[in-house]
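Down below is the structure, laid out as structure tokens.
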There are 2 protein chains.
Amino acid sequence: MSDTIENKCIEKGVGLTAQRKIIAQVMSKSNDHPNVNELHKRVSLIDPKVSIATVYRTVKLFEEAGILSKHDFKGGKARYEKVPDEHHDHLIDVDTGKIIEFVDEDIEKLQKKVAQKLGYNLVDHRLELYGSKTKK
Amino acid sequence: MSDTIENKCIEKGVGLTAQRKIIAQVMSKSNDHPNVNELHKRVSLIDPKVSIATVYRTVKLFEEAGILSKHDFKGGKARYEKVPDEHHDHLIDVDTGKIIEFVDEDIEKLQKKVAQKLGYNLVDHRLELYGSKTKK
DNA sequence: ATAATTGCAAATGCTTTGCTTGTGA
DNA sequence: TCACAAGCAAAGCATTTGCAATTAT
């Protein structure tokens with residue numbers, strides 16, 4: 001159970017080549033939200049011959065397979081994390097860039113309610129809080 | 001009071017050149033959320049010599065002056081709208097691309113509360129709902 | 001005059017893709 | 001063998017920027 005991503009690949013029928021395995025492992029043990037460049041750096045420590053194009057392709061492949069999820073926070077490059085067991089949203093520290101995950105069931109419910117009220121089924125959403133410990 | 005953007009420019013000391021005036025006027029009467037390309041098209045109907053570079057520069061200038069606000073919805077180019085009198089969030093119809101504005105005070109309060117609980121002051125946030133009338 | 005603004009085209013920066021070579025079943 | 005994947009470099013796209021020409025104060 002240590003290597004969830006690899007297992008998911010098998011489940012979803014995603015062929016695991018050597019480079020995909022490395023990318024999977026790196027993401028498995030990452031507890032942050034690296035961008036593609038950062039991910040490529042980490043992968044390169046294991047095998048410096050893996051190209052960044054492969055990282056881009058793999059990350060997209062994993063996303064489409066529901067293995068990774070992609071975030072486009074304000075003013076930056078896309079970041080990835082493993083798809084979590086339970087949904088969460090993010091608070092971004094505007095001073096440090098630190099990302100904190102949180103869950104708030106009430107907000108989730110209200111979002112669904114708002115969508116319904118407007119005549120829609122909520123199929124997706126994006127909630128990001130930008131916070132500071134110092135600024136008002 | 002018909003031309004809020006032009007007035008704001010004067011208030012904020014933003015020089016109003018001929019091309020900026022056109023861009024201001026177009027945005028003033030737009031009730032949707034055009035992207036730069038679309039905005040440029042509309043501006044071109046009035047003066048086809050205005051370059052898209054100027055539109056980009058102006059839109060950024062207006063944003064920094066608090067006159068326009070920029071949105072990066074999923075999978076698209078940046079869109080702009082005039083800064084509204086009262087804050088609102090957006091629901092995007094995933095089938096048609098239509099954007100609906102909404103306000104929900106409860107969600108607003110909860111967001112602030114979540115940030116506080118995590119030890120932060122909420123300085124900004126992004127809430128987007130993606131909905132469909134047909135898909136579950 | 002004198003500083004700011006425009007237009008154009010070239011440059012960015014992230015991401016994707018074409019194509020040839022490599023590789024696994 | 002044969003379809004799929006990787007590596008490289010070139011291409012894409014939205015956006016930004018350098019610079020010379022233009023305009024406003």
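Letters A, B, ... are given to chains in the order of the sequence lines, protein chains preceding strands, and every chain is numbered from 1. Computation of the quantities below employed the complete heavy-atom set of this structure, encompassing side-chain atoms and omitting hydrogens, waters and symmetry-equivalent molecules.
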Practice task
Taking only the side-chain nitrogens and oxygens of A:Y56, find out if one of them lies under 4.0 Å from OP1 or OP2 of C:dT15.
Solution key: yes
Exercise for the section: Verify the cluster assignment for B:L16 and B:V55: are they in a single hydrophobic cluster under the rule of side-chain heavy atoms below 4.5 Å apart? Expected result: no
Handout entry: Of all pairs that satisfy ring-ring contact (aromatic ring centres under 6.0 Å, His included), the ones with a partner from residues 46-65 of chain A, not counting sequence neighbours
Key = none
Problem - Residue pairs fulfilling ring-ring contact (aromatic ring centres under 6.0 Å, His included) with at least one residue in residues 94-126 of chain A, sequence neighbours excluded - result: A:H87-A:H125
Exercise for the section: Could you pull out all residues at least two apart from B:K49 that satisfy salt bridge (charged side-chain N to carboxylate O under 4.0 Å, His left out)? Expected result: B:D47
Handout entry: 4.5 Å side-chain heavy-atom contact, A:D89 and A:E108
Key = yes
Problem - Any side-chain heavy-atom pair of B:H33 and B:E101 under 4.5 Å - result: yes
What N/O pairs connect the protein and nucleotides 20-25 of chain C at under 3.5 Å? Give each pair on its own line.
none

Handout entry: Within residues 34-42 of chain B: residues closer than 4.0 Å to DNA chain D (heavy atoms)
Key = none
Exercise for the section: State plainly whether the residues A:R42 and A:E38 are in salt-bridge range, i.e. N to O under 4.0 Å. Expected result: yes
Exercise for the section: Starting from C1' on C:dG13, measure out to CG on A:D72 and report it in whole angstrom. Expected result: 14 Å
Problem - All salt bridge (charged side-chain N to carboxylate O under 4.0 Å, His left out) counterparts of A:D85, not counting sequence neighbours - result: none
Exercise for the section: Could I get the full list of ring-ring contact (aromatic ring centres under 6.0 Å, His included) partners for B:F73, not counting sequence neighbours? Expected result: B:H71, B:H90
Exercise for the section: May I ask you to test the B:H40-B:P34 pair for a side-chain heavy-atom distance under 4.5 Å? Expected result: no
Handout entry: Along DNA chain D, first and last positions that approach a heavy atom of chain B under 4.0 Å
Key = D:dA14 to D:dG18
Fill in the blank from the handout: For B:D95, the salt bridge (charged side-chain N to carboxylate O under 4.0 Å, His left out) test, sequence neighbours excluded, returns B:K135
Got a list of protein N/O to nucleotides 4-8 of chain C N/O distances below 3.5 Å?
residue : atom : partner : partner atom : Å
C:dT5   : OP1  : B:R20   : NH1          : 3.2
C:dT5   : OP1  : B:R20   : NH2          : 3.3
C:dT6   : OP1  : B:T17   : OG1          : 2.7
C:dT6   : O3'  : B:Q19   : NE2          : 3.1
C:dG7   : OP1  : B:Q19   : NE2          : 3.3
C:dG7   : OP1  : B:K49   : O            : 3.0
C:dG7   : OP2  : B:S51   : N            : 3.0
C:dG7   : OP2  : B:S51   : OG           : 3.1
C:dG7   : OP2  : B:T54   : OG1          : 2.5
C:dG7   : O5'  : B:K49   : O            : 3.4
C:dG7   : N7   : B:R57   : NH2          : 2.7
C:dG7   : O6   : B:R57   : NH2          : 3.3

Practice task
Can you run down the salt bridge (Lys or Arg N to Asp or Glu O under 4.0 Å) pairs that involve residues 113-130 of chain A, sequence neighbours left out, and say none if there aren't any?
Solution key: A:D124-B:K74, A:R126-A:E128, A:R126-B:E128, A:E128-B:R126
Exercise for the section: Would you please name every residue forming a salt bridge (charged side-chain N to carboxylate O under 4.0 Å, His left out) with A:R79, sequence neighbours left out? Expected result: none
